[in-house]
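Keep in mind it's a predicted model, so treat the numbers as computed, not measured. Note that ligands are numbered from 1 as they come in the structure, with each ligand's atoms numbered from 1 the same way.
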Amino acid sequence: MTLQELGHSLKDCQRCRLSSGRTQVVFGTGNPGASIMFVGEAPGFYEDKQGVPFVGAAGKLLNELLESAGLSRTDIYIANVIKCRPPDNRDPLPDEVETCKPFLFQQIELIKPKVVCTLGNFAMQTLLGKKIGIMKMRGQAFQVQDFFVFPMLHPAAALHQGSLNEPLREDFRKLKAFLDRQPEPTTPIEQMNLFG
Ligand code: URA
């Protein structure tokens, strides 16, 4: 199956309750051969309307931060853990995550990125399969199978809480440093089995 076929197969997804409130499924966007992928939490108001992840205020900040790290949206692929907007932007529920998570893992398997940057606690915990706080993990790379997970703060968190703005920028500086010195990993490595 190609990425496009996977996206197409989810267009009318009715697997969970979020299907009843969404405008459309927000599958993902960007370069299907990207070596760097970004993963957020779930679509918000504008993403639901436009069908594209990170197009609202958090997306504008993300674009600026990508540029600061020498990246652009055409180099990378962006998706969310949850593909449909939760009502009133509430947190996704555990059964919604369980239902939608396999499609994120399929996206990763098809894109085969070298680095998956998680934005916020939620995407990080989904990809590492562990309940650890973002403040301990951010700005470092963790090897998971044949790619690295690089946890970062969520741009929306920095918009809500000004004191997180500088730490978020620091995460992007650390990402750039990590990308510049690849392929030698000097950061903690943990082998985890996500797909089996
Ligand atoms: N926040 C997310 O986590 N994802 C989006 O697509 C937009 C905002």
Short N-O contact, [X] and [Y], less than 4.0 angstrom:
| X | Y | value |
| --- | --- | --- |
| D95 | R17 | yes |
| R22 | E47 | no |
| E98 | R15 | no |

What do you reckon, is CD of E170 surrounded by more than 12 foreign heavy atoms closer than 6.0 Å?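 Counting other residues, nucleotides and ligands, CD of E170 exceeds 12 neighbours.
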For the aromatic rings, using the six-membered ring if either is Trp, is the centroid distance between F148 and F178 under 6.0 Å?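 Ring centres of F178 and F148 closer than 6.0 Å.
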Set of residues satisfying salt bridge (charged side-chain N to carboxylate O under 4.0 Å, His left out) with respect to K176, sequence neighbours excluded: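 Listed in chain order: D180.
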Compile the protein residues with any heavy atom at a distance under 4.0 Å from an atom of ligand 1; present them by chain, then by number.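 Lining ligand 1 at under 4.0 Å, by heavy atoms, one finds G40, E41, A42, E47, P53, F54, N80, H154.
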